[in-house]
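This report concerns only the one structure given below.
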Amino acid sequence: MRWCILPACPDNGKPREFQMEERYEPAAVERAAQHHWNSHRSFAATEDPARGKFYCLSMFPYPSGRLHMGHVRNYTIGDVLSRFARMQGRNVLQPMGWDAFGLPAENAAMANGVAPAQWTRDNIAYMKKQLQALGFALDWDREIATCDPASYRWNQWFFLRMRESGVAYKKTGVVNWDPVDQTVLANEQVIDGRGWRTGALVEKREIPMYYLNITRYADELLGDLAQLEGWPERVKTMQANWIGRSEGAEVAFPLAEDARALLGADTALKVFTTRADTLFGVTFMAVAAEHPLALAAGARDPALQEFIDECRRGSTMEADVATMEKKGRPTGLHVLHPFTGEPIEVWVANYVLMGYGEGAVMGVPAHDERDFAFASQNGIAIRTVIRPQDGSYGAAVAPWLEAYGERGITVDSGEFSGLESAAAVDAIAAALDLKGLGRKRIQFRLRDWGISRQRYWGCPIPLIHCERCGEVPVPDDQLPVLLPENLVPDGSGNPLAKTPSFWQCKCPTCGGDARRETDTMDTFVDSSWYFLRYACADNTRAMVDDRVAYWLPVDQYIGGIEHAILHLLYSRFWTKVMRDLRLVSVGEPFSNLLTQGMVLNDIYSHQPAEGRRAYFNPLDIDVEESDGGARYFARREDGSRLEVTHEGLGTMSKSKNNGVDPQSLVEKFGADTARLFMMFTAPPEQSLEWSDEGVQGSFRFIRRLWKAVHEHVSGGPAAALDKAGLDAGQKELRRAAHQMLAKVTDDIGRRRTFNTAVAAVMELLNAVARFEDRSAQGRAVMQEALSLATLALSPMIPHVCHALWQELGHAGALIDHPWPAVDAGALQQDSMTLVVQVNGKLRGQITVPVDASEDSIRAAALAEESVRRFIGEAPPRKLIVVPRKLVNVVV
RNA sequence: GCCCCGGUGGCGAAACCGGUAGACGCAACGGACUUAAAAUCCGUCGGCCGCAAGGCCAUGCCGGUUCGAGUCCGGCCCGGGGCACCA
C-alpha cells in the first residue's frame, strides 16, 4: 500500500474523507461513499409539491435467505434510474420492503423445525445487509414487511370493505388434495399428479373459498391497457390474451325426456360458443366431470362414475389438463337441438373444466379441431355446415385441415343456410333470443381470483363463523386478527386449524361461542398494494393518506417478466377497486414498466429410485465430454460423485438449486463491480445466461478508470478550459467526451440500454488512454473528459465515482451534482464519411464536407476508384443517396 | 397443448426508423515488462480463397418483398417465460 502525492484541491478546502491511493480498494471506497450518503440521509424522500416527483419502484423480494443475481440485476436497474432521475432534478422516492408471507417459510419450517416467523425475520435481516452493501439509494425509513401486523391489518380492513361492496364473495373452488397428508397442495407441490412428500395420487376437491370479483373489471382492465404507453407491448398483449374477451352466444339446449327424468323439467344445458354459425353441426355435447348432469348420470351408471372419479384425479393445472389425453364417456342422456329438436347425446369429457364458462361445450367436429379429434376417436358423426368462400373442400374428413375451422357460408342449416358466418351468428342469436334459448353474450377467459389458502403463513381472513349468526366480519376496531408466530407446520394441514387458542372466539354479534376462519389470504393480495403503502408506511390509523396522492402513480416499475400477467393484473385490479371505494384517485398504478429478463443458469438433478428429485448446484458439477456427448457428475460433501441429468437452462431459484450468491462477488470485487457487470452484460429486458467470466473485465475497467484519474490528478490542478483555443487533437477528445455524454443520456433516459451506455464510456476511456497531450489545454480537456465520465457512470457505479469526483477536485459531493448538459459546440465536425455501395454491396468510402450538396456527393461517389471498377462502362441506372449515411449505385 | 419473447464470432453482446454486420467486453493466441508469477501495456482474433491488392460466404433453417434485410412478411426448428395455490 502506497500513498500518492495529493494534488491541491482548487476550490475545496474541506478535509478529504480519505487519501487517494494509487490502487483501487473497493472496500474502503464503498465504506466512505455509503458513510457519506447515510450521514447526509441522502435518500430519505419527503413530499414536496413544488418539485416534480419520481417514484421508482422495484418489485420487492421474497425473503428466501440470500439475494440472488436476479435481485442484483433488478435493483441495480432501479437504482440507476433513481440516481439518474435525481441528478435530473426530480424528487425521487425509491423504497424497499419484503414480500414476507408464503410457502417457502413453511417448507423451511418442515425441514428444520424453525418457526416461519423466525426464519423470515432472520432472512430479512441478512438480506437487508446485503442490499445496503450494494449501495442502493433506498429510503429505508419506509421499509415494510407484509408479515408485520401493521401492514397486513390493512389487507383485512380492505377485505371487509370489498366484502361489503360485493367485490369479495364466497363460492366453491377446486384444490389439489393429498389424501395421505390430508392437506391442500400448491400446484408446485404436485409432481406428475402426485403429492411431493407422500407420492400419493392427488385428488381434486371442492371446498368453499373467498373470491375477488376481478371479472367485474375485465372490460376496464382490457380497455385501460391502451393508456399504458410506458408498458412493453408484449406485456400488454399477454394481459389482453389472458383477459380473453370473446364475443359469442349463449345457447341453451333443452333437456330430452331421459335427462329431464333425472334433473327436472326446468333445467337446460347451457353452453357458450363463439361459433353459433355452426350450431347445426352439433353432433354431441361435452360436460365437465363435476357438472350436475354428469353427477346425476354417474349416480345410476357405475362405469360412468368410475370415469368421473378418474377425471377427478390428477392436478388442477391448466398445462396438465391441456396436454393430457382427451377422454370421454357417453352419459346415455340427451339434450334437444334448439331449432331441429333432434336429440344430441351428452358426454363427460376430461378436457372440459367446470370453472370455465358453463362447464359444458357444444361439440361441432366439422369445424373445431378438438371436437374433431374427440368425435373421430369416439365414433361420433361429423356434419359439415360451413363451406369456405372458395369452396375448397366438400366434407370434413380426417386428417383435420386448418380450413375446416375457418369462417365461410352456412349450409345445411335450415332457415339459416346461405349466410356469411358473422350474419349467421347474428341471425341465430336473434332467433334463440325469441325462443328464450339464448342470446349474444361477451365472455371473458379471465376467472375470478380465489384468495383463500388453507395455509398458516399468510394474512388471516378476518371472519368469524357463528352457528346462530352465520358468517360475521371481525369488527374494524378488533383488527388486526393476529397470526400466532410460534407455530411450526408439519405438512399435514393448516396448523391454525389445529390451534384452538387461535380459532376459538366469541361471535361479535351474539356473543356466543364461535369459530374463527383459519384460511389465510393468497400472497398476491399483499403484493397488490404494497406500492401504495410505501407512501404512508408510518400511518397506524389509515390504509392510505394524502401522501399517496403525491407519490402515485409509480413513475417507473421494474421487475421480472415472470410477473407480466398475475401480479401486474392483480395490482391493476386492486387499484381500481380502491379508486371505486374512494381511497385513491388513480386508476392505474404503474405508468412505466420495465420487465427485466430472467437470470438463467444450468439445472442439474438426480431422481432416486424412491423419494424426491434432488437438485445440484452448477458449481458442484463436473462435466466429462466424450464422443457420445457430455456426462455430468455432482461432487458430494462426502467426496463421492453422482451422475446427474442436465435439465437445461432455467431461472435461478432455490427449488432448482441453481442460484449464484452475489455475496462472494461483492466480497471479492466490491459492489460497484457487481453492479457494473449486471448492467454491462446484457440489455435489461433480455434473459441473461449466467457466467462467472466477464466479472474480471468489469473490475478491470473500474481499475483503469481509477488509474486514469490518479495519473491525471497527480499532475496538479488543471487549467480552465478555453473552448475556442483548442487544437485538432484536443477538439477530438472533447468531441468524444460529449458524444459519450449524449449517448449515455439517451441510453439511460430513453432507451434504458445500460450495456451500451457503459460501452460508450469504455470507448471514451480508450480515447483518454491514447491521449498524450500534457499541455495546459490538453490537461483541461482531460479534466473535462474524466469529470464527464465520472458523472455518466455514477448512476451505475456510485461508490467509486463518489471518490473520483472528489479527487478531480470538485466542490460538493457527486450525489448532489446535476446531470451535465451536452455542449452542442463540441460535437461539430467539418467532414463526414459516407459509404458507397454498388448494387447494395459495400465497395468504398468517400469523405465529404458536412454541408456537401447531393450533386457533389453523387459525383464523389461515381469518381471513387473501387466504384468505377465495379460499374465498368455501364452508366448507372439509379443512384440512391441516404443523407449522412451512404450512396448506392445501381447498375 | 395454448399465449408471449428470443436465436448474430469460441463466449456476453452492438448495429436505435430497412442503409458499413460484429462497437464494447470476455476468453484465447503472440509480444513487452519481470528472477518468476500476478498485474499492466502493445498486437492478432467470423469462415473460405489469395503472395498481395482484394474477392466470396456468413446474423437458427426454408422461402418472399426491396436498389439494399440481422431488421419487414410467410412457414418451420430450437431455447426461455406464463398458464390462475412458487413468488
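By convention in this document, chain letters (A, B, ...) are assigned in the order of the sequence lines, proteins followed by strands, and residues within each chain are numbered from 1.
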Query raised in the report: So which one's nearest nucleotide on RNA chain B is more toward 5', A:Arg750 or A:Asn187?
Result: A:Arg750
Query raised in the report: Looking at the angle O4'-C1'-N9-C4 for a purine or O4'-C1'-N1-C2 for a pyrimidine, is B:rG9 syn or anti, with syn meaning within 90° of 0?
Result: syn
Query - Distance-only donor-acceptor test (3.5 Å): side chain A:Asn241, base B:rC3 - result: no
**Report entry** Distance, P atom - from B:rA69 to B:rC51, rounded to whole angstrom
**Finding:** 32 Å
Requested in this report: Spell out yes or no: do the side chain of A:Arg877 and the base of B:rC67 have one donor N/O and one acceptor N/O closer than 3.5 Å?
Outcome: no
Report task. Name the pairing partner of B:rG50, where a pair is Watson-Crick or G-U wobble with both distances under 3.5 Å, or state none. Result -> none
Query raised in the report: Using a cut-off of 4.0 Å on non-hydrogen atoms, how would the nucleic acid contact of A:Thr753 be classed: base, sugar-phosphate, or nothing?
Result: nothing
Query raised in the report: Hey, does the Lys NZ or Arg CZ of A:Arg23 hover above the aromatic six-ring of A:Trp706, less than 6.0 Å from the centre and inside 45° of the axis?
Result: no
Query raised in the report: What class does the angle between the rings of A:Phe101 and A:Trp457 fall in, given that below 30° is parallel, 30 to 60° is tilted and above 60° is perpendicular?
Result: perpendicular
Query raised in the report: Is there a Watson-Crick or G-U wobble partner for B:rG25 with both distances under 3.5 Å, and if so, which one is it?
Result: B:rC11
Query raised in the report: Are A:Thr756 and B:rA14 close enough that a side-chain N or O sits under 4.0 Å from OP1 or OP2?
Result: no
Query raised in the report: Just to confirm, is there a sub-4.0 Å distance from OP1 or OP2 of B:rU66 to any side-chain nitrogen or oxygen of A:Asn888?
Result: no
Requested in this report: Could you please name the option among B:rG80, B:rU20, B:rG1 that lies closest to any side-chain atom of A:Thr323?
Outcome: B:rG1
Report task. Start with the C-alpha distance between A:Phe669 and A:Phe677, add both sets of side-chain angles, then the distance that settles ring-ring contact (aromatic ring centres under 6.0 Å, His included), and finish with yes or no. Result -> CA-CA 11 Å; A:Phe669 298 104; A:Phe677 176 66; 9.6 Å; no
Query - Span that lies between the P atom of B:rC33 and that of B:rC49, in whole angstrom - result: 36 Å
**Report entry** Among B:rC16, B:rA87, B:rA84, the nucleotide that comes nearest once only the side chain of A:Tyr570 is considered
**Finding:** B:rA84
Report summary line: Of B:rG82, B:rC41, B:rC16, the nucleotide closest to the side chain of A:Ile565 is B:rG82
Query raised in the report: Using a cut-off of less than 4.0 Å, is there contact between a side-chain N or O of A:Arg447 and OP1 or OP2 of B:rC83?
Result: no
Requested in this report: May I ask you to decide if the ring planes of A:His563 and A:His567 are parallel, tilted or perpendicular, using 30° and 60° as cut-offs?
Outcome: perpendicular
Query raised in the report: Which of these nucleotides, B:rG19, B:rG25, B:rC67, is closest to any side-chain atom of A:Val882?
Result: B:rG19
Query raised in the report: Are the side chain of A:Ser714 and the backbone N or O of A:Glu711 linked by a donor-acceptor pair below 3.5 Å?
Result: yes
Query - Contact under 4.0 Å: A:Gln686 side-chain N or O vs B:rA13 OP1/OP2 - result: yes
Query raised in the report: Where the side chain of A:Gln845 is defined as all heavy atoms beyond and including C-beta, which of B:rC86, B:rU20, B:rG25 is the nearest nucleotide?
Result: B:rU20
Query raised in the report: For atom C1', what is the distance between B:rA37 and B:rA15, given to the nearest Å?
Result: 41 Å
Query raised in the report: To the side chain of A:Asn766, which of B:rA84, B:rG19, B:rC24 is closest?
Result: B:rC24
Report task. May I ask you to verify if any side-chain N or O of A:Arg843 is less than 4.0 angstrom from the OP1 or OP2 atom of B:rG55? Result -> yes
**Report entry** Spacing of the P atoms in B:rG25 and B:rC73 (rounded, Å)
**Finding:** 34 Å
Query raised in the report: Could you give the CZ-to-P distance, from A:Arg884 to B:rC16, as a whole number of Å?
Result: 17 Å
Query - Separation of atom CZ in A:Arg66 from atom P in B:rA87, rounded to whole Å - result: 22 Å
Query - First encountered from the 5' end of RNA chain B, between A:Ala186 and A:Ser698 - result: A:Ser698
**Report entry** Interatomic distance where CG belongs to A:Leu446 and C1' belongs to B:rG82 [whole Å]
**Finding:** 15 Å
Query raised in the report: Considering only B:rA13, B:rG25, B:rC83, which nucleotide approaches the side chain of A:Asn755 most closely?
Result: B:rA13
Query raised in the report: A:Asp181 side chain to A:Thr183 main-chain N or O, any donor-acceptor pair under 3.5 Å?
Result: no
Requested in this report: Verify whether the ring centers belonging to A:Phe60 and A:Tyr530 lie closer than 6.0 Å.
Outcome: yes
Query raised in the report: Taking the six-membered ring of A:Tyr24, is NZ or CZ of A:Arg703 closer than 6.0 Å to its centre and within 45° of its axis?
Result: no
Query raised in the report: Tell me: CG of A:Leu225 to P of B:rC4, nearest whole Å?
Result: 14 Å
**Report entry** Distance between C1' atoms of B:rG64 and B:rG46 (Å, rounded)
**Finding:** 27 Å
Requested in this report: Starting from P on B:rA15, measure out to CD on A:Glu763 and report it in whole angstrom.
Outcome: 12 Å
Requested in this report: Once you apply the 3.5 Å cut-off to both distances, tell me the Watson-Crick or G-U wobble partner of B:rA32, or none.
Outcome: B:rU40
Requested in this report: May I ask you to verify if any side-chain N or O of A:Lys841 is less than 4.0 angstrom from the OP1 or OP2 atom of B:rC57?
Outcome: yes
Query raised in the report: Of all the choices, B:rG1, B:rA84, B:rU40, which nucleotide is nearest to the side chain of A:Lys707 once you look at every atom?
Result: B:rU40
Query raised in the report: Just checking A:Phe680: base, sugar-phosphate only, or nothing, at a heavy-atom cut-off of under 4.0 Å?
Result: base
Query raised in the report: If pairing requires Watson-Crick or G-U wobble contacts with both distances under 3.5 Å, which nucleotide is the partner of B:rG79?
Result: B:rC5
Requested in this report: Using a 90° cut-off around 0 for syn, call B:rC56 syn or anti.
Outcome: anti
Query raised in the report: When you measure from the side chain of A:Ala322, which nucleotide among B:rG12, B:rG1, B:rA87 comes out closest?
Result: B:rG1
Query - Phosphate OP1/OP2 of B:rC41 contacted by A:Arg704 side-chain N/O (<4.0 Å) - result: yes
Query raised in the report: What's the CZ-P distance between A:Phe677 and B:rA13, to the nearest Å?
Result: 10 Å
Report summary line: Closest non-hydrogen contact found for A:Ala860 with A:Val848 is CB-CG1, 4.3 Å
Report summary line: The nucleotide from B:rG25, B:rU40, B:rA84 with an atom nearest the side chain of A:Arg700 is B:rU40
Query - Pairwise C1' distance, B:rU65 and B:rA52 [rounded to whole Å] - result: 40 Å
